Amino acid sequence: MKIFRLNSESSVANHFLAEMRDENIQKDTMRFRRNIERLGELMAYEVSKDLPYVTKTVKTPLGESEIPMLEKQPILMTVLRAGLPFYNGFMNILDQASSGFIGAYRTPNPDAEDGFEIDLGYAAYPNLEGRDLIIVDPMLATGRSLVDSIEKAIEKGNPRSIHIVAIIAAPEGVAYVKERMGDRCSVWLCAEDSHLNEKSYIIPGLGDAGDLAFGSKD
Ligand SMILES: O=c1cc[nH]c(=O)[nH]1
């Protein structure tokens with residue numbers, strides 16, 4: 001399974017990530033959402049390098065230019081609700097992509113493996129057959145909701161490639177995706193952190209991305 005890590009090179013992307021993690025700066029919700037979006041724009045550019053292209057001819061007022069263009073528009077899928085600003089960043093760059101949305105939430109269950117079940121309550125997406133599927137979710141924690149969402153989605157058509165994109169991942173989540181999806185997908189991360197805590201939060205992570213972007217659910 002191919003894994004790309006944006007923070008393996010020094011770039012200004014690390015500033016956006018540092019602001020998202022900083023316990024004081026992250027309280028500015030508009031800045032937090034905008035930093036997710038900015039990382040979405042940068043990650044969309046990185047993933048775009050891995051998609052198939054065909055050369056097309058563009059007529060300028062003075063001649064013709066041969067330009068490699070996306071062979072097919074990808075499908076961008078996100079998991080509500082923290083995924084929305086990340087998805088917006090992707091849409092700013094891959095602006096002709098089709099979209100899919102999944103509502104996944106954790107329901108406490110003391111008998112379940114991590115103390116909770118994943119409920120996929122809402123799903124709306126196009127037929128994935130032969131398309132490039134890019135599924136974006138800022139936090140790859142256990143990986144369970146992401147893998148469940150993908151498995152449900154690919155029942156409705158077999159994509160020719162699957163790209164999982166996250167801002168911060170836990171090694172446990174990456175290992176779970178690798179175990180369940182293998183070479184079927186590529187994983188694109190801004191950073192991979194140390195571990196998950198007992199509540200399945202990423203350490204050091206940044207806290208609850210959904211609450212920081214949109215306020216507490218309580
Ligand atoms: O640390 C985590 C893990 C999952 N979701 C979050 O928002 N934060």
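Just so you know, ligand 1 is whichever comes first in the structure, and atom 1 is the first atom listed for that ligand. Just so it is clear, the model here is predicted, and its values are computed rather than measured.
Here the heavy atom of the protein found nearest to atom 1 (O) of ligand 1 is I202 N, 2.7 Å. Scanning all protein heavy atoms for the shortest distance to atom 7 (O) of ligand 1 gives A209 N, 2.7 Å. Scanning all protein heavy atoms for the shortest distance to atom 2 (C) of ligand 1 gives Y201 CD2, 3.4 Å. Counting protein heavy atoms only, atom 5 (N) of ligand 1 is closest to M139 CB, 3.7 Å.
Side-chain contact of T57 with E64: a donor-acceptor pair under 3.5 Å is absent, judged by distance alone. With no hydrogens or angles considered, no side-chain donor-acceptor pair links S216 and D211 at under 3.5 Å.
The cluster map of Ile, Leu, Val, Met, Phe, Trp and Tyr, joined by side-chain heavy atoms under 4.5 Å apart, puts I150 and L80 in different clusters.
Atom numbering of ligand 1 starts at 1 in the shown order; those under 4.0 Å from a heavy atom of A141 are 3 (C), 4 (C). Contact atoms of ligand 1 toward S200: 3 (C) (distance under 4.0 Å to a heavy atom of the residue). Close contacts of ligand 1 with D208, meaning ligand atoms under 4.0 Å from a residue heavy atom, involve 7 (O).
E129 pairs by the side-chain contact (heavy atoms from CB on, under 4.5 Å) definition with N127, N158, not counting sequence neighbours.
No heavy atom of A170 sits closer than 4.0 Å to any atom of ligand 1. Using a non-hydrogen distance threshold of 4.0 Å, G207 registers as a contact of ligand 1.
Between W188 and F4, the ring planes lie tilted relative to each other; the angle falls in the 30° to 60° range.
The pair R38-E41 does not count as a salt bridge, with every side-chain nitrogen at least 4.0 angstrom from each carboxylate oxygen.
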(request) Show your working on side-chain hydrogen bond (donor to acceptor under 3.5 Å, both in side chains) between S99 and Y87 and close with a plain yes or no. (result) CA-CA 9 Å; S99 294; Y87 162 83; 2.4 Å; yes
